[in-house]
Amino acid sequence: MKEKDSSPVEIIRRLNAAPPPGFVSGESLSRTLSISRTAVWKQIKGLKKMGFAIESVPSKGYRLEAKTGSADPFNAVSLTAGLASETIGKKIFFYDSLDSTNTRAFELGRSGEPEGAVVIAETQTSGKGRLGRIWESPAGVNLYASIIIRPNLAPYEAQGITLLAAVTASEAIAAFVPSSPVVKWPNDVLIGSRKVAGILTEMDTEPERINFIVVGIGVNVNMTKNLLPDSLKAVATSLRDSAGGEVSRTEFALSLFYSFEKWYKIYLTEGLPPVLGAWKGLFASEGKPVRVTGLNDTIEGICMGVDSTGALLVRRASGGVEKVLAGDVEMVRRKSL
Ligand code: BT5
């Protein structure tokens with residue numbers, strides 16, 4: 001396979017790093033990248049086509065205009081050029097459209113793509129939620145990302161990764177909105193009581209050992225309600241709703257990768273307790289009456305938090321405490337218990 005040309009990323013990196021007033025001369029780009037002036041000019045033309053707003057001023061050179069709205073492209077070049085993480089996002093597979101980024105990441109995981117590879121799509125035609133549900137994935141406004149990781153874990157330990165992803169997504173979201181996000185067990189991130197992000201963790205495993213995990217994260221970034229079906233308009237929200245204006249998807253995705261890498265390193269060195277501690281700090285249902293719909297039954301009771309593996313604990317009216325491994329939680333009114 002032909003190696004990808006790294007010059008577009010290198011040019012954006014240099015323009016991003018240029019001190020005020022932000023100009024970098026064509027001559028300096030040509031010299032530092034060891035490409036001809038004509039090649040620089042062609043690359044700049046290509047980058048403009050990708051959506052980068054680059055100003056060219058004779059005798060001064062090239063400058064990136066302020067990143068706002070349409071001048072803030074979201075693609076593999078903008079992401080790679082801004083990457084602050086070492087492993088997560090080092091390899092980015094970016095698509096205009098996919099059925100599901102998780103499905104593609106799974107194929108890539110099976111063909112040996114390394115830990116940290118990320119699949120992103122501008123839209124998903126069959127975005128997946130849990131248990132066969134649909135993740136609405138309108139084009140060009142949100143983040144649909146799947147991260148491949150290869151931790152040395154037993155299958156039963158994978159629940160921890162879902163909690164880790166929820167902590168990560170919440171941390172990244174918190175940096176872009178004024179209100180603090182909360183988590184709903186096991187995998188939703190909410191602003192107020194509305195869902196802003198969902199996580200779908202899938203794994204390729206043998207009985208004793210996980211081969212790889214695909215962590216699918218869907219975040220509503222700049223989506224407006226008119227892009228959602230009526231049934232979700234009152235229960236979903238986006239960063240834009242909360243921030244009161246557009247959020248850079250590139251900046252957000254980079255911050256998500258950075259947080260993910262940070263928490264993943266903590267998890268690999270210290271285990272689940274610190275992740276669980278952070279997750280508990282975001283969990284708003286403890287001590288509250290809940291109804292949990294599992295695969296086979298529904299139970300109601302008081303939420304007692306989670307145990308050391310991340311399983312949900314619910315105390316029934318009879319006093320017995322149930323441990324729930326999978327299901328959906330909703331808050332209920334106390335008098336119905
Ligand atoms: C989830 O499932 O919340 C997991 C969502 C994971 C999506 C990501 S996107 C990247 C990667 N590739 C994929 O194909 N999937 C992952 P669950 O807990 O089952 O919630 C699904 C429910 O959330 C739906 O039944 C709707 O009620 C609601 N929903 C669907 N789309 C939504 C959206 N964009 N925003 C908020 N809520 C949504």
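Every number for a ligand or one of its atoms is a count from 1 in the order of the listing.
- Checked for salt-bridge contact, Lys90 and Glu86 miss the test: no charged N lies under 4.0 Å from a carboxylate O.
- Scanning the protein for heavy atoms near atom 31 (N) of ligand 1, the closest one is Glu136 N, 2.9 Å.
- In terms of modelled atom types and a separation under 3.5 Å, the side chain of Ser25 and the main chain of Ser28 share a donor-acceptor contact.
- At least one heavy atom of Ile134 sits under 4.0 Å from some atom of ligand 1.
- With Glu136 contributing its side chain and Leu228 its backbone, the two residues share no donor-acceptor pair below 3.5 Å.
- With ligand atoms numbered from 1 in the order given, ligand 1 contributes 14 (O) to contacts under 4.0 Å with heavy atoms of Gly127.
- Taking 4.5 Å as the limit, every side-chain heavy atom of Phe212 sits out of range of all side-chain heavy atoms of Glu113.
- Under the 3.5 Å distance criterion, with hydrogens and angles disregarded, no donor-acceptor pair is assigned to the side chains of Ser100 and Asn102.
- At a threshold of 4.0 Å, the pair Arg104-Glu107 counts as salt-bridged, since one of the basic side-chain nitrogens sits closer than that to a carboxylate oxygen.
- For the residue pair Glu115/Tyr264, the side-chain donor-acceptor check at 3.5 Å is satisfied.
- On a distance-only criterion, Thr101 and ligand 1 share at least one N/O pair closer than 3.5 Å.
- For ligand 1, the polar-atom distance check against Ser126 finds no nitrogen or oxygen pair separated by under 3.5 Å.
- Close contacts between ligand 1 and Ala145 involve ligand atoms 10 (C) [criterion: under 4.0 Å to a heavy atom].
- Both the backbone and the side chain of Arg130 come within 4.0 Å of ligand 1, counting heavy atoms alone.
- Interface atoms of ligand 1 facing Asn220, defined by a heavy-atom separation under 4.0 Å, are 33 (C), 34 (N), 35 (N), 36 (C).
- No side-chain donor-acceptor contact under 3.5 Å links Arg315 to the backbone of Met304.
- Atoms of ligand 1 found under 4.0 Å from any heavy atom of Ala236 (numbered from 1 in listed order, with element): 35 (N), 36 (C).
- Taking both residues in full, the closest heavy atoms of Ile213 and Ala158 are given as CD1-CB, 4.4 Å, listed atom of the first, atom of the second, then distance.
- Surrounding CG of Asn226 are more than 12 heavy atoms belonging to other residues, nucleotides or ligands, all under 6.0 Å away.
- Proximity to Leu232 (heavy-atom distance under 4.0 Å) selects the following atoms of ligand 1: 26 (C), 27 (O), 28 (C), 29 (N), 30 (C), 31 (N), 32 (C), 38 (C).
- Closest to atom 13 (C) of ligand 1 by heavy atom, among Gln124, Met223, Lys195, is Gln124.
- Given atom 25 (O) of ligand 1, the protein heavy atom at minimum distance is Arg133 CD, 3.4 Å.
- An N or O contact shorter than 3.5 Å is missing between Tyr144 and ligand 1 by distance.
- Each of the following atoms of ligand 1 lies closer than 4.0 Å to a heavy atom of Asp188: 3 (O), 18 (O).
- At a 4.0 Å heavy-atom cut-off, ligand 1 touches Asn187 through the side chain alone.
- At distances below 3.5 Å, not a single donor-acceptor pair connects side-chain atoms of Ser259 with backbone N or O atoms of Leu256.
- Applying the 4.0 Å criterion to heavy atoms of Lys128 picks out, from ligand 1, the atoms 5 (C), 6 (C), 7 (C), 13 (C), 14 (O), 15 (N), 16 (C).
- Residue, atom and distance of the protein heavy atom nearest to atom 38 (C) of ligand 1 are Trp135 CZ3, 3.4 Å.
- The nearest protein atom to atom 8 (C) of ligand 1, hydrogens excluded, is given as Gly218 N, 3.6 Å; this is a heavy-atom distance.
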